[in-house]
Structures are given as structure tokens and as C-alpha cells.
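Encoded as C-alpha cells, the structure appears first; notes follow it.
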Amino acid sequence: MPSRDPRVVIIGAGVAGITAGVVLEQAGFENFVIVEKGSDVGGVWHWNRYPGLTCDVPSQIYQFGFAPKPDWSQIWAEGSEIQRYHREVVEAFGLTDRLMLDSEVTDAVHGADGWTVTLAGGRELRADFVIAATGVLHHPFTPDIPGVERFTGSVVHTARWDEAIETVGKRIAVIGSGSTGVQVVSALQPQAAALTQFARTPQWVLWAPMGLRQPRLLAKLLAAAPAAHQRLYSTLLWGSGILADIALKPTWRRRAAQRLARWSLTTQVRDRELRTALTPDYEPFCKRQVLSGTYHRAIGADNAALVTEPISEITETGLRTADGTHHDLDVIVFATGFHPHNYMRPMNLRGRDGLSIDEAWAKGPRAYRMTAIPGFPNLFTVLGPNSPTGSISLQYSAELTARYITQWLERFRDGEFETVEVTEEATVRFNDSVAEAMGPTVWNTGCNSWYFTEENTIDLWPFDRKTMTALLTAPDDRDFLIGHKDGNLR
Ligand code: N01
């Protein structure tokens, strides 16, 4: 059998793309590049720099299994430290030379000779495989509120924070009450002249001591004993199974966690009127659970206010709510989230016979086991549709998927096939099992969240980690069309 090193283009240098790069490197592949439209690596940790940005997953588990970091400065690290960690991992694993930064992919088209990937500016890359590691929470969403162009103060979206904006001593509006809104309110309130949060839907906010420092002694111990560090990581990974358990099954464990969220609200917010305004009418954990140790205090402060009245317009000097009240402002912060199901779009991605991703996903994003899409030969996604945001470690999921993809690359390297494409039947079967498993999940208990696609499916992983591992340990050839040199599919 001939041996050839496949040409691979990995798109995106966030958690998923870095993982794919490291796994390919470790498997001995040499002919790959990582193309990133941003000016640095880190994905969401590069793009998001808003005040208060902190990861709500403890850092000793929010890290790559292959690159444990002993000396996180906080139990829940801040965004800038996480971004630096990603950069350090890229350097430590020798990926710097493979990186193409400031390089946006505009087109990726499959033809008789494999993939042609075109960058903004026109440069073309040829590849045997494309790995799309393009992320979920990537395109900021800003609601179309009438009058925004009239406002004479500063306007910013949290995901594109502008360091030049003055917030100290200013009258600030924060629109949105998700994880981001809660963090940015907590960070800006202490030094604002006045801070008003406009919350369309209240969120359950589970108390957690997010500012806790990681003890220096722990860092020293972990650095001195890498085997113990690895064991800690595995234990945390195992322990985090409780998150999937809470999300997937309506057991006493879910009820206990939900009680904790309700307890956080009642013990933290004494003002009855504010507490009523902050009380959601859906179950805790239905939306992505928000964690904070400071939010309830911040929103209850004398210079803070919560407004649940809908916004009707933005004026030159502030914004007006539906009850006619005008709120005078200097700064408007949109913490209004993302277009979460865009994945590779707006890229012109075309597979077999010119099929576009927009056509293939006319009824919403869907993939086989998060990674393969019918009609798109030799294309895989890492952290693609149905990835387990909030229930299973994303780093674990990305590494598992990258190792799965690597098995196909090894078979290609050995000359075993030319193209591989998942079948429509296998994809339908997988998605039917996903839809069925979503039934008893907490995400399906009657709230409106970014997890829902426009087609009302839930874009999450409804199984536990063991099932994920089993589904992605080795490819099942029966689920794929495998194309050979003679043109036959076998
Ligand atoms: O976005 P969101 P996010 N008028 O979509 C409101 C991750 N994350 O950036 O609920 C008024 O949750 C909208 O209201 P409603 C995490 O996975 C992680 O906060 O739709 N309001 C909602 O309140 C998280 O889940 C970390 O009624 C409008 C808010 O905007 C995900 O990112 C930190 C509106 C959007 O909330 C997204 O969180 C931060 C309108 N027209 C984020 N349109 C970590 O720590 C929207 N809203 C890892």
C-alpha cells in the first residue's frame, strides 16, 4: 500500500482547532495548517475581552487533557489568562509554524481533486481533508432596536469590547441577562455612576465564589507531581459527570441542584420587589446555568437598577422603554449573545456536486456524531452540531473527535481510500436518537434558550460521556460511503 501524508486544512484556532492540531502532530502528520481569521489563537478567548470575563468552569478542568497547567491563578480563571494559556499551548506543541493568522476562509469547495480552500485576498490552499473547527458562539448578535444610530454615547457588544470606552463614572445600560450580562454587570457596577440592566427574561444565578484564588501550594504540588496532576484532571472529568446527570435525567440530583439555585436567589436578594423581578418562570438549569458570586449584590446596589420593561427605542441620549420611561445614558452595552448555530457560515462551503452547506442545512445544522455531514466528503467538524456545551468537557469532546478523525486520516495515509462521506441514513438515525434522548433533559422543560435552533431542535449532546466515548472511539464503516481510486464506493 502506498503511504502519503494527507494535506489537511484546519479552520479555526480556538479550543477545537488547537486540539485538532496537537492530535494530528502527535499522530505524525506533517502536512497541515491551521487557518484563523483572528489575529491570535484562543477562539472565544481571543474575541471576548469584556470586563469581568471569567470562565464559569473551574480551570483545572477547563484545560486540555494533554496540557495540564498547574499554576492557574484563580479556581475560575479570567479570560485573559485563558487566552494566554492557549497561546502557550500552541507554542509548546510546536504549532506556531502551522498557524496562518488574519486569514479568513471565504470558500471551501470539494471537487475531483479534493478541497480548494480560498482565503480572503484570493490565496488558494489545496487539501485532501478539511477540519472545520469554527466554533459555536462566534457571530455576535445585536438586536435591531430602532434609533441605535442616533445615540451620541458609546455602544459596544461584549464580544467585540472596545478598550477605549470609558465606563468609570458613567451611566451604563447593560442589555441582556445571560452569563455575559451577569459578568459584565458585576464588573462595571462598582465604578459606574449608575448601571441599569435591561433583562427581558430573568435568569437563575447559582452562587459560586468565582473570585477564589488557586492556592500557590497546590500549584507547586501539581508541578512537582505530574502524575498526581493527571489523576486530579481525570477525577475532575469523572466528577463533572454530575453535570450531564443533572441535565439529562429528572432525578433527585437535578432537584437538589435546582434547590441550590433557588436558595441562591432567596438568600442573596433580600429586597422583595427585586427578588420577584429576578425570579424566572422556568426551571433552573433549563437555560445555560449562570454562575456568579457577585451579581446579586451588584444588581441590588444603590447605583444599580433592573428593568424588565421591554425596550422600545434608543434615543440620542439614552433609551426608552415601552412604558414611556426615558433612561439617560452614556454607554450602552449589548450582552445579547450570538447567532449560535452559524458554525461555518457565512463561508461558501460546498461538498459533492456543488451542494452548499446552506442547502444541506436548510432545516438547521445537523451532523453525524458531531463530526460528519452527508454530502461533504473528507470534511469533519470538531465541536460541530450537538456538541456538549455545559454538560461535558469541551476539551475532552474535541480531543476525542480529533482522535476519531485521525483514524480516517491514517487510513487515507495508508492508501486505503480516496474519499469518505457519512451516509444520509446513518445521520438520520443518529439525529433521531438525539431527538428522542432530548425528551427528559432539563433543556426541554419550557424555556427559551440559545440551545434551540430555528427548527425547534436542541443543539446539544443529550448523552453522557461514556456514550460519547463509545460513539467516537472507532469509525463504523457501515455508516460511511468509502470511495476508492477506481471510482467505486465500497
Ligand atoms: O448570551 P445569551 P451570553 N432585547 O444568549 C437578551 C457562554 N458564556 O453571551 O433570555 C432584550 O445567553 C436575552 O434575553 P432572552 C455560555 O455558554 C460562557 O450571555 O432571550 N434582550 C439574554 O438575556 C452562555 O450561555 C461564559 O429573553 C435581549 C441575553 O440577551 C453563552 O456564552 C461567559 C434581546 C443573551 O444571553 C451565551 O451567553 C459568558 C432583545 N432584543 C458566556 N435579544 C463562561 O464563563 C437578546 N436579549 C465560559
Side-chain angles (χ1 to χ4, degrees), residues 14-15 42-45 47-59 61-63 74-83 135-146 148 156-161 173-187 196-206 208 210-211 243 247 278 280-282 285-293 295 306-314 319-322 332-342 383 387-395 443 446-452 459-460:
V15 168
V44 289
W45 302 107
W47 293 102
N48 284 268
R49 294 147 192 242
Y50 60 83
L53 174 60
T54 307
C55 184
D56 59 10
V57 181
S59 300
I61 181 163
Y62 194 88
Q63 57 181 343
Q74 298 192 165
I75 300 291
W76 286 272
E78 290 183 356
S80 52
E81 187 175 8
I82 301 173
Q83 201 279 330
V136 190
L137 302 172
H138 181 55
H139 297 108
F141 167 73
T142 305
D144 195 9
I145 302 174
V148 65
V156 66
H157 190 287
T158 48
R160 294 292 178 272
W161 193 261
V174 174
I175 303 176
S177 57
S179 302
T180 306
V182 162
Q183 291 186 345
V184 83
V185 163
S186 303
T196 310
Q197 183 182 25
F198 294 83
R200 186 168 64 180
T201 315
Q203 294 254 2
W204 290 106
V205 180
L206 188 65
M210 306 280 288
L243 287 176
L278 283 171
D281 62 0
Y282 54 86
F285 290 86
C286 183
K287 285 174 179 263
R288 159 73 186 239
Q289 185 56 48
V290 180
L291 261 60
S292 175
Y295 170 72
L306 179 77
V307 173
T308 52
E309 195 68 26
I311 301 166
S312 54
E313 63 165 339
I314 294 179
L319 61 77
R320 198 181 313 280
T321 41
I332 297 177
V333 177
F334 283 99
T336 42
F338 300 84
H339 294 280
H341 313 289
N342 270 14
L383 299 184
S387 289
T389 315
S391 63
I392 299 173
S393 156
L394 287 179
Q395 289 81 359
W443 311 308
C447 63
N448 165 27
S449 73
W450 65 260
Y451 296 155
F452 282 87
D459 188 1
L460 284 175

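Order of listing sets the numbers, starting from 1, for every ligand and every atom in it.
Residue-to-ligand polar distances keep Tyr50 apart from ligand 1: every N/O pair is separated by 3.5 Å or more. Looking at Trp45 next to ligand 1, no N or O pair under 3.5 Å apart turns up. Remark: ligand 1 and Gln203 share no N or O pair separated by less than 3.5 Å (distance only, no angle test).
Proximity of a side-chain donor or acceptor of His341 to a complementary backbone N or O of Trp450 within less than 3.5 Å is detected. Listed for the Thr336 side chain is no donor-acceptor partner under 3.5 Å among the backbone atoms of Gly176. Ser59 contributes a side-chain N or O that, together with a main-chain N or O of Ala77, makes up a donor-acceptor pair within less than 3.5 Å. With Ser177 contributing its side chain and Thr201 its backbone, the two residues share a donor-acceptor pair below 3.5 Å. For the pair Trp204 (side chain) and Tyr282 (backbone), a donor-acceptor distance under 3.5 Å is present. Proximity of a side-chain donor or acceptor of His157 to a complementary backbone N or O of Phe141 within less than 3.5 Å is detected.
Residue, atom and distance of the protein heavy atom nearest to atom 17 (O) of ligand 1 are Arg288 NH1, 3.3 Å. Atom 19 (O) of ligand 1 has Thr180 N, 3.0 Å as its closest protein atom, hydrogens excluded (heavy atom only). In this structure, the protein non-hydrogen atom closest to atom 4 (N) of ligand 1 is Arg200 NH1, 4.1 Å. In terms of protein heavy-atom proximity, atom 27 (O) of ligand 1 is closest to Thr201 OG1, 2.4 Å. Annotation: atom 41 (N) of ligand 1 to nearest protein heavy atom, Pro143 CB, 3.2 Å. From the protein, the heavy atom lying nearest to atom 48 (C) of ligand 1 is Asp56 OD1, 3.3 Å. Looking only at protein heavy atoms, the nearest one to atom 1 (O) of ligand 1 is Gly337 CA, 3.2 Å. Closest protein heavy atom to atom 37 (C) of ligand 1: Trp450 NE1, 3.7 Å.
Heavy-atom distances between Leu137 and ligand 1 reach below 4.0 Å in at least one pair. For Tyr451, the heavy-atom gap to ligand 1 stays at 4.0 angstrom or more. Taking a 4.0 Å cut-off on heavy atoms, Phe338 registers as neighbouring ligand 1. Residue contact annotation: Phe141 has a non-hydrogen atom under 4.0 Å from ligand 1.
Applying the side chain to side chain contact (heavy atoms under 4.5 Å, CB included) test between Ile175 and each of Val333, Thr158, Ile332, Val307 identifies Ile332 as the sole match.
Under a 4.0 Å criterion applied to the non-hydrogen atoms of Gly176, ligand 1 contributes the atoms 6 (C), 23 (O), 29 (C), 30 (O). The contact set between ligand 1 and Ser177, taken as ligand atoms under 4.0 Å from a residue heavy atom, comprises 22 (C), 23 (O), 29 (C). For ligand 1 and Gln183, the ligand atoms under 4.0 Å from any heavy atom of the residue are 33 (C), 45 (O). Ligand-side atoms of ligand 1 in range of Cys55: 45 (O), 48 (C), range being under 4.0 angstrom from any heavy atom. Atom numbering of ligand 1 starts at 1 in the shown order; those under 4.0 Å from a heavy atom of Thr54 are 44 (C), 45 (O).
A distance of 6.0 Å separates CG in Asn48 from CG in Leu53, rounded to the nearest 0.5 Å. Trp47 contributes atom CH2, which lies 14.5 Å from atom CG of Leu137 (distance to the nearest 0.5 angstrom). To the nearest 0.5 Å, atom OG1 of residue Thr180 and atom CZ of residue Phe338 are 5.5 Å apart.
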Check the pair Ser179 / Asp56 against side chain to side chain contact (heavy atoms under 4.5 Å, CB included), numbers first and verdict last. CA-CA 9 Å; Ser179 302; Asp56 59 10; 4.2 Å; yes
So Gln203 and Tyr295, side-chain hydrogen bond (donor to acceptor under 3.5 Å, both in side chains) or not? Walk me through it. CA-CA 11 Å; Gln203 294 254 2; Tyr295 170 72; over 6 Å; no
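Here the shortest heavy-atom distance to atom 29 (C) of ligand 1, taken over Gly181, Ala335, Pro140, belongs to Ala335.
Separation of the Trp45 and Tyr62 ring centroids falls under the 6.0 Å cut-off.
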